[in-house]
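To start, the structure under review is shown below, and the notes come after it.
Every value quoted in this text rests on a predicted model; they were computed, and no experiment measured them. The first residue in the sequence is number 1, and the count goes up from there.
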Amino acid sequence: MTASTVLLLVLSALAAFGLSFYQYLFKAKTKGKIYFVLAFLRFITLFSIFVLLINPVITRRQLETVKTPLPVLIDNSISVKELGQDNTAKQLVEKILGNAALKDKYDVQPYTFAEGFEGSATPDFKGKQTHIDQAAQNLKQLYRNTTYPVVLITDGNQTIGNDYVYSFSENTSVYPLVLGDTTTFTDLRVTQVNVNKYAFLKNKFPAEVFVQYSGNKTVNAIFNIMRGSSVVYKQNITFSKDKKAQSLSVLLDADKVGVQTYKAVITSGEAEKNKYNNTKNFAVEVIDQRSEIALVSAINHPDLGAIKRSIETNQQRKVTILKPTEVKSLQDYNVLILYQPDTSFKQLLDINKNAGLNTFIVTGLNTDFNLLNQYQSQLNFRMTTQREDYLADFNSQFNLFALTDIGFGQFPPLQHPFGTITAKSNVNVLLKARIRNVETENPIMAFSENGASRSAFLLGENIWKWRMESHINTKSFVDFDVFLDKTIQFLSSNSKRKSLVVNHESFYNSGELITITAQYFNKNYEFDDNARLTIQLKNKQTNASKNYDFLKGTNEYKVNLDGLEAGQYSFTVKEAGSNTSYSGRFEVLDFEIEKQFVNPDLARLQQVAANTNGKVYYPDNADALIKALSDNEMYKAVQKEISKQSPLIDWIWLLVILAVALSAEWFIRKYNGLL
């Protein structure tokens, strides 16, 4: 307490004593014991009030010693076990965590990492992926503004994430303990296969295969691609000390519909320590048809090229640009795109009355709106000759199919004649028109479904600017192309809309995240966020089945099927309330990325140590690492003085004392007839 607070307390005590003396002793005619008791109680009451008002605070100072943190990162992935280093890793962890000198100098904190990051000292080496970069980023968050060393017990083989060489912070010194034999062994491996997911029946599809060799002598190898027990491609390859990697481009026949599984295999007469990485499975889904799309326009415009290029990024689509007079029959097409139809489209529109193709109508400054009013009833156009620029606003209530906002509101305006566009009741608006900051009732993009007939409308030209703007924002055309592809997909199907829509791939690699998403719509085809979706998964080889519940996300339900073994699976998704179901199948390919390694990645670990002023150690000289950390004068414990302030008497106790004193004084006076 300060001197002024002590002085106030003394003055408060004197004032309380003086008032009590004056009220009960000075004025009293008789001075019995009862008056001394009452004076004492009044003194307690007044002094408690004064103390409560002054609120004196006591400052307590404590000394606390803060040790430098020593995080011990333990690789918990399968690759450590595959290299035969799991027991070694456990022994190293026990030695470091149990060392008295380290515990005396540092705050030793163990963590395990694989695809995730956990605070644990008991690794099980079952991680499907290695993410060292994530572990480094987590340390940055845990130990901000702190200088500390890191012990990294790993083989250095990272399978996901950014390169960890530059991931550790500048105030960190990394000391890798390298797990695995650094001796170079002869090893052939198939490192990567690039292939499209889809191929068309009776066509050829390309496969790009990368093969790699570790060793110092010349080796002759045979590369095969097999489907089942049949060899569909074979090639002789020669590796040498100066030629350790090759890229092979292969064309394979798509001669059978469905998911076709292939195996890329490289073999030689040399003895290898790891032959698991000599094989890599891949799969292609062969489909027996593609969507043929007729893009009809009487004028030349940049939109035509942008639409064609965007749609054809999906290899299931083929777009043919035609003049209206060139179309004699529509039997070879699945979707009809009418770009700014004018009077020359009259014959084509008459033909489509009989053909009944789903249409995508794009209007603009050269469109004959009277003709459109005659041949379609979804939108009614009352346009002027005045030109206007329209911006787009995304309608979050759109529910015909799953589509996210790709930044429509920031896209350049589309040009279109000014006027009024009235939509009928069966029209679902995706994009609403806006003139600068003024919202209008006009749509910019709308969809209609009437039985098996479907239509789409884009009301404005210069959509090529949208595609360019999307690329500028995201460095990729993917978002825009997916948006247009979903439009074509909606038009390509004549089936009625389903209430349960399930999205999944036809095949997955074992070890990767297997996610299945679903959407359930009520009778008004609105997304139902109270649906109860379950999936029953069955392994076709073992007949073992499991049930999972979907978890609700943003406008979709999702289930993660982790830890599935390689094989073929069938599944059924059900909605409990309506008993609606969907059945499908997929295949998990045999591929464990953590089993591909023969040696630790010593070069990267050495680079990490060099970048952080650390040093690489090996299991046989772990004692040298412990001694180096124990003797390092750079990391010293810091003694901090902690000041804690607390009231001399807690205000609750003061109130209790005050209440007791006043009550006692009142009862005594009442009992003695002094009231």
Check step by step if side-chain contact (heavy atoms from CB on, under 4.5 Å) holds for Tyr618 and Leu177.
-> CA-CA 5 Å; Tyr618 301 93; Leu177 262 173; 5.8 Å; no
Are Phe527 and Tyr557 close enough that their ring centres sit under 6.0 Å apart?
-> yes
Keeping the roles fixed (side chain from Glu505, backbone from Phe586), state whether a donor-acceptor pair exists under 3.5 Å.
-> no
Do Ser77 and Asp75 have a side chain donor and acceptor closer than 3.5 Å?
-> yes
Name the orientation class of the two ring planes belonging to Phe398 and Phe447 (parallel below 30°, tilted from 30 to 60°, perpendicular beyond 60°).
-> tilted
Please report the shortest heavy-atom distance between Thr515 and Tyr508, naming the atom on each side.
-> O-OH, 3.6 Å
Would you find a donor on one side and an acceptor on the other, under 3.5 Å apart, between the side chain of Asn224 and the backbone of Val231?
-> no
Is the backbone N or O of Tyr569 less than 3.5 Å from a side-chain atom of Glu587, with the two atoms forming a donor-acceptor pair by type?
-> no
Short N-O contact, Glu312 and Lys308, less than 4.0 angstrom | yes
Flag the pair Asp163 and Arg604 as a salt bridge only when some basic side-chain nitrogen lies within less than 4.0 angstrom of an acidic carboxylate oxygen.
-> yes
Check for a donor-acceptor pair, side chain of Asp601 on one end and backbone N or O of Asn157 on the other, with a separation under 3.5 Å.
-> no
Shortest non-hydrogen contact between Leu605 and Tyr164, atoms and distance = CD2-OH, 3.8 Å
Grab the two heavy atoms, one from Ser120 and one from Ile74, that are nearest each other, plus how far apart they are.
-> O-CD1, 4.0 Å
Locate the shortest heavy-atom distance separating Thr238 from Gln246; write the atom from each residue and the value.
-> O-NE2, 2.9 Å
Residues which pass side chain to side chain contact (heavy atoms under 4.5 Å, CB included) with Glu82, listed by chain and number, not counting sequence neighbours | Ile78, Lys595
Looking only at atom types and distance, does a side-chain atom of Gln519 sit under 3.5 Å from a main-chain N or O of Asn555, one as donor and one as acceptor?
-> yes
Any donor-acceptor pair under 3.5 Å linking the side chain of Asp86 with the backbone of Lys81?
-> no
Do any N or O atoms from the side chain of Glu272 and from the backbone of Tyr276 form a donor-acceptor pair under 3.5 angstrom?
-> no
OG1 (Thr580) and CD (Glu575) are apart, to the nearest 0.5 Å, by 6.0 Å
For the pair Phe394 and Phe408, name the ring-plane relationship: parallel under 30°, tilted 30 to 60°, perpendicular over 60°.
-> parallel
Electrostatic pair Glu292-Arg317, nearest N-O below 4.0 angstrom | no
Is a donor on one side and an acceptor on the other found under 3.5 Å between the side chain of Lys558 and the backbone of Ala518?
-> no
Taking Ser310 for the side chain and Ile307 for the main chain, is one N or O donor matched with an acceptor at less than 3.5 Å?
-> no
Begin with the C-alpha distance, continue with both residues' side-chain angles, and end with the deciding distance and a verdict on salt bridge (Lys or Arg N to Asp or Glu O under 4.0 Å) for Arg309 and Asp481.
-> CA-CA 9 Å; Arg309 185 180 294 271; Asp481 293 345; over 6 Å; no
Phe117/Tyr111 aromatic ring centres below 6.0 Å | yes
If you look at every heavy atom in Pro206 and Val195, which pair is closest and at what distance?
-> O-CG2, 3.6 Å
Hey, are Gln129 and Thr159 close enough side-chain-wise for a donor-acceptor pair under 3.5 Å?
-> yes
With rounding to the nearest 0.5 Å, note down the distance linking CG in Asn277 to CZ in Phe597.
-> 9.5 Å
Could you please spell out the steps behind the side-chain contact (heavy atoms from CB on, under 4.5 Å) verdict for Asn76 and Lys126?
-> CA-CA 7 Å; Asn76 197 30; Lys126 294 182 179 180; over 6 Å; no
Any sub-3.5 Å donor-acceptor pair from Thr279's side-chain atoms to Val265's backbone N or O?
-> no
Hey, are Gln536 and Tyr548 close enough side-chain-wise for a donor-acceptor pair under 3.5 Å?
-> no
Scan side-chain atoms only and decide if Asp133 and Ser167 contain a donor-acceptor pair under the 3.5 Å cut-off.
-> yes
Could you give the distance from OG1 (Thr487) to CG (Leu403), rounded to the nearest 0.5 Å?
-> 7.0 Å
Leu602 side, atom CG; Asp155 side, atom CG - distance, nearest 0.5 Å = 11.5 Å
What one should report as the nearest heavy-atom pair of Ile237 and Phe223 is CD1-CB, 3.5 Å
Which distance, rounded to the nearest 0.5 Å, do you find between the CD1 of Ile406 and the CH2 of Trp466?
-> 8.0 Å
Ignoring hydrogens and angles, state whether a donor on the side chain of Thr474 or Ser476 is under 3.5 Å from an acceptor on the partner side chain.
-> no
Using the six-membered ring of Tyr213, assess whether NZ or CZ of Arg189 lies under 6.0 Å from its centre and within 45 degrees of the ring axis.
-> no
Is Asp255 paired with Arg227 through a side-chain N to carboxylate O contact shorter than 4.0 Å?
-> yes
Could you tell me the separation between the CG atom of Asn314 and the CG atom of Asp485, rounded to the nearest 0.5 Å?
-> 4.5 Å
Answer yes or no: does atom NZ of Lys256 have more than 12 heavy-atom neighbours from other residues, nucleotides or ligands under 6.0 Å?
-> no
For Phe477, is the NZ or CZ atom of Arg467 found under 6.0 angstrom from the centre of its six-membered ring and inside 45 degrees of the ring axis?
-> yes
